[in-house]
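Worksheet for the structure shown next.
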Amino acid sequence: MVTLPKVLGLCTLRALLRGTKIIPRPALMSDILTKRADDHAQWYNDLVLKADLAEHSEVRGCMVIKPHGYAIWEKMQAALDGMFKATGHVNAYFPLFIPRSYFAKEASHVEGFAKECAVVTHYRLKSDPEKGIVVDPEAKLEEELIIRPTSETIIWNTYRGWVKSYRDLPLLVNQWANVVRWEMRTRLFLRTAEFLWQEGHTAHATKAEAIAETERMLEVYARFAEEWLAMPVIKGLKTPSERFAGAEDTYCIEALMQDGKALQAGTSHFLGQNFAKAFDVVFTNKENKQEHVWATSWGVSTRLIGGLIMTHSDDHGLVLPPKLAPTQVVIVPIAKNGEQLAAISAYVEPILQGLRARGITVKFDDDDQKKPGWKFAEYEFKGYPVRIAIGPRDMENGTVEVARRDTLEKQVMQVTDIVEKVEHLLQAIQDNLFQKALAMRERSTRVVDTYAEFKQAIEEGGFILAHWDGTAETEEKVKQETKATIRCIPLHGDRTPGTCMVTGAPSAQRVIFARAY
RNA sequence: CGGGGCGUAGCGCAGUCCGGUUAGCGUACCUGCUUUGGGAGCAGGGGGUCGUGUGUUCGAAUCACACCGCCCCGACCA
């Protein structure tokens with residue numbers, strides 16, 4: 001720190017400094033992207049913006065999902081939708097607006113969502129000499145409309161008309177939709193005021209069948225997370241305080257992000273007969289008796305994109321698992337002139353055809369406006385899993401240069417069986433990403449027995465397996481004192497009883513604590 | 001809603017403290033030539049209601065007041 005006589009003042013100082021030549025720095029993405037280790041939140045933000053996944057809209061709390069980000073969502077939708085169809089579900093669409101009175105019908109549901117609802121109160125605007133355009137006070141709705149934060153109420157109000165007999169059951173319906181939750185603080189993909197999701201809503205004749213459905217869809221989510229996102233998850237049950245408003249039981253998949261914080265990646269709810277009773281949805285059973293139906297609901301959202309980013313990406317930018325990458329392979333020609341480019345195009349053509357024939361998405365970037373180095377950096381930053389470079393040297397030698405995004409390794413390969421090699425490489429990348437994420441989670445999962453150990457462990461992040469006495473009081477105390485919550489009561493793994501780390505009272509099994517997104 | 005930060009060219013910023021050339025730099029963009037195996041070089045060029053409004057002043061990006069918006073931290077939550 002240089003100290004200067006005060007009389008000089010800042011202006012003078014700056015004037016003196018103006019003579020200093022500022023060395024221009026190239027605007028490299030690797031410079032723009034904050035390092036994960038320096039500031040994980042900033043890294044995440046930079047990455048989402050610079051990789052063109054999304055941007056902040058000028059509407060508070062809302063984002064614009066840009067084509068590269070939306071393409072990932074489309075891949076997720078396609079995969080999930082296929083899995084839903086394979087389990088017998090069909091798609092439908094319900095209104096965005098929910099009459100206020102519907103919410104009043106299920107007490108715990110309204111209590112859970114009341115604080116974050118956007119409400120439509122008027123249906124007309126009129127011009128105003130001063131403000132341009134204003135809400136017409138004459139056009140007030142008799143009953144306000146809630147913008148759906150979730151659709152249970154309007155769906156169950158509708159189901160009343162759909163269900164009469166046990167023969168109408170089960171009803172297995174999903175909808176792809178947007179929902180609005182007026183969040184105080186938002187983060188791109190992880191928590192925005194409006195987000196995209198799917199919500200499945202099913203109706204069943206028996207409790208057992210509804211519980212089986214809840215568990216089946218949890219299984220679908222877990223498989224999707226692990227096989228497609230390459231994101232290992234733990235299946236579990238939420239504690240009563242973390243339960244969905246209106247559910248009897250909430251099942252969840254929990255993932256661990258690279259910074260040691262947990263992310264709830266999907267939920268599946270057993271709703272009991274709560275909504276059937278609130279909306280009077282009854283059916284006649286085989287014994288000609290009236291019964292309320294049993295319900296489930298389950299959903300995953302664009303939040304998964306946030307999870308995907310925080311599971312795999314690095315200081316060089318986005319890393320995408322091949323199965324969700326909008327484009328899996330990019331081919332960059334290295335040409336000095338038009339003739340070379342034409343020759344390379346001919347050399348590339350059979351590779352393109354071969355890859356496409358195997359269902360691999362590939363882009364041949366023959367744009368001569370941008371240099372190869374620029375393209376390398378760009379595709380690396382945007383997470384293309386495999387990049388192939390082909391230049392004059394390769395054409396002489398019958399080779400191509402193959403670079404994989406997950407390890408950043410480059411290798412020169414013979415062109416002869418390149419299609420098979422790339423296909424295997426994509427699978428290897430998919431597997432490697434999952435294994436790396438799994439290893440990270442295992443490194444970051446600890447078993448602790450005392451509250452003192454716990455307090456220390458929680459500072460280091462990760463999943464912590466500890467005994468809990470099952471009371472909301474203890475759960476709340478831990479939350480207040482450490483900011484950690486019970487992510488779930490795992491369904492699998494070690495389920496031996498013990499004693500609560502806080503109170504010493506009996507505990508049925510260890511539960512997973514973590515700080516969470 | 002509390003605390004902090006920010007708003008100047010498409011993007012990133014300087015200039016604001018202490019009002020005063022034609023508002024500047026990097027990058028991006030356009031034109032030309034040379035280049036092309038990890039974000040090319042040189043030369044020339046275009047692009048601005050300085051977030052909005054009101055006020056102070058001979059004069060405002062700069063000072064005052066009000067408002068709008070975004071980001072970060074906290075309480076709430078997927």
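Order of the sequence lines fixes the chain letters, A, B, ..., with proteins taken first and strands second; residue numbering starts at 1 for each chain.
Taking atom C1' in both rC17(B) and rG26(B), one finds a spacing of 25 Å when rounded to whole Å. Spacing between rA23(B) and rG51(B) at atom P, rounded to whole Å, works out to 15 Å. Rounded to whole Å, the separation between the C1' atoms of rU57(B) and rC65(B) comes to 16 Å. One P atom belongs to rG55(B), the other to rA60(B), and the distance between them is 12 Å to the nearest Å. Atom P of rU16(B) sits at a distance of 9 Å from the matching atom of rC63(B), rounded to the whole Å. rA9(B) sits 13 Å from rG24(B) when the P atoms are compared, rounded to a whole Å. Across rC13(B) and rU56(B), the matching C1' atoms stand 30 Å from one another, rounded to whole Å. For the P atom pair drawn from rC29(B) and rC68(B), the interatomic distance equals 38 Å after rounding to whole Å.
Checking each of Asp365(A), Asp366(A), Asp367(A) against Lys375(A) for a salt bridge (charged side-chain N to carboxylate O under 4.0 Å, His left out) leaves exactly one that passes, namely Asp365(A). The side-chain hydrogen bond (donor to acceptor under 3.5 Å, both in side chains) test with Lys477(A) is passed by exactly one of Glu475(A), Gln480(A), Glu481(A): Glu481(A).
The NZ-P distance, from Lys371(A) to rA28(B), rounds to 12 Å in whole Å. Going from atom CG of Leu341(A) over to atom C1' of rU36(B) covers 11 Å, rounded to whole Å. If you measure from atom CH2 of Trp374(A) to atom P of rG41(B), you get 15 Å, rounded to the nearest angstrom. The CE-P distance, from Met184(A) to rC71(B), rounds to 15 Å in whole Å. To the nearest angstrom, P of rC72(B) lies 12 Å from CZ of Arg191(A). Regarding Leu190(A), its CG atom lies at a distance of 13 Å from the P atom of rC71(B), rounded to whole Å. Residue Asn45(A) contributes atom CG, which lies 19 Å from atom P of rG5(B) at whole-angstrom precision. The distance between atom CH2 of Trp197(A) and atom C1' of rC77(B), rounded to the nearest whole Å, is 13 Å.
Residue contacts for Glu183(A): at a heavy-atom cut-off of 4.0 Å it reaches a base atom on one of the strands shown. Thr186(A) comes within 4.0 angstrom of sugar-phosphate atoms only, judged by non-hydrogen atoms across all strands, and of no base. In this structure, Phe195(A) reaches the bases: a heavy-atom distance under 4.0 Å links it to at least one base atom across the strands shown.
A salt bridge is absent between Lys35(A) and Asp315(A): the closest approach of a Lys/Arg side-chain nitrogen to an acidic carboxylate oxygen does not fall below 4.0 angstrom.
Using N1 to N3 plus N6-O4 or O6-N4 for Watson-Crick, or N1-O2 and O6-N3 for G-U wobble, each under 3.5 Å, rG44(B) pairs with rC30(B). Under the Watson-Crick or G-U wobble criterion, with both distances below 3.5 Å, rU49(B) has no partner in any strand shown. Searching all strands for a Watson-Crick or G-U wobble partner of rC1(B) with both distances below 3.5 Å returns rG74(B). With a cut-off of 3.5 Å on both pairing distances, rG38(B) has no Watson-Crick or G-U wobble partner at all. Across all strands shown, rG59(B) forms no Watson-Crick or G-U wobble pair with both distances under 3.5 Å. The nucleotide rC6(B) finds its pairing partner in rG69(B), both defining distances of the Watson-Crick or G-U wobble pair being shorter than 3.5 Å. Base pairing analysis places rU16(B) opposite nothing; no Watson-Crick or G-U wobble pair with both distances below 3.5 Å involves it.
Between Trp156(A) and His109(A), the ring centre distance reaches or exceeds 6.0 Å. Proximity of the aromatic rings of Phe189(A) and Trp73(A) is defined here by a centroid distance below 6.0 angstrom, and this criterion is not met.
Residues meeting the side chain to side chain contact (heavy atoms under 4.5 Å, CB included) test with Ser108(A), sequence neighbours left out: Glu106(A).
Among the nucleotides rG39(B), rC76(B), rG37(B), the one closest to any side-chain atom of Ala377(A) is rG39(B). Taking every side-chain heavy atom of Glu380(A) into account, rG38(B) is the closest of rG74(B), rG38(B), rA78(B).
With a 6.0 Å cutoff to the six-membered ring centre and a 45° limit on the axis angle, Arg387(A) counts as a cation-pi contact of Phe376(A).
Side-chain atoms of Arg243(A) and Ser241(A) form no donor-acceptor pair, as typed in the model, at a separation below 3.5 Å.
Remark on RNA chain B: of its neighbouring residues Glu116(A) and Gly391(A), the 5'-side contact belongs to Gly391(A), judged by nearest-heavy-atom nucleotide.
Listed by residue number, Glu401(A), Lys410(A) are the residues of residues 400-415 of chain A with a heavy-atom contact under 4.0 Å to RNA chain B.
Each salt bridge (charged side-chain N to carboxylate O under 4.0 Å, His left out) pair with one or both residues in residues 331-351 of chain A, not counting sequence neighbours, would appear here, but there are none.
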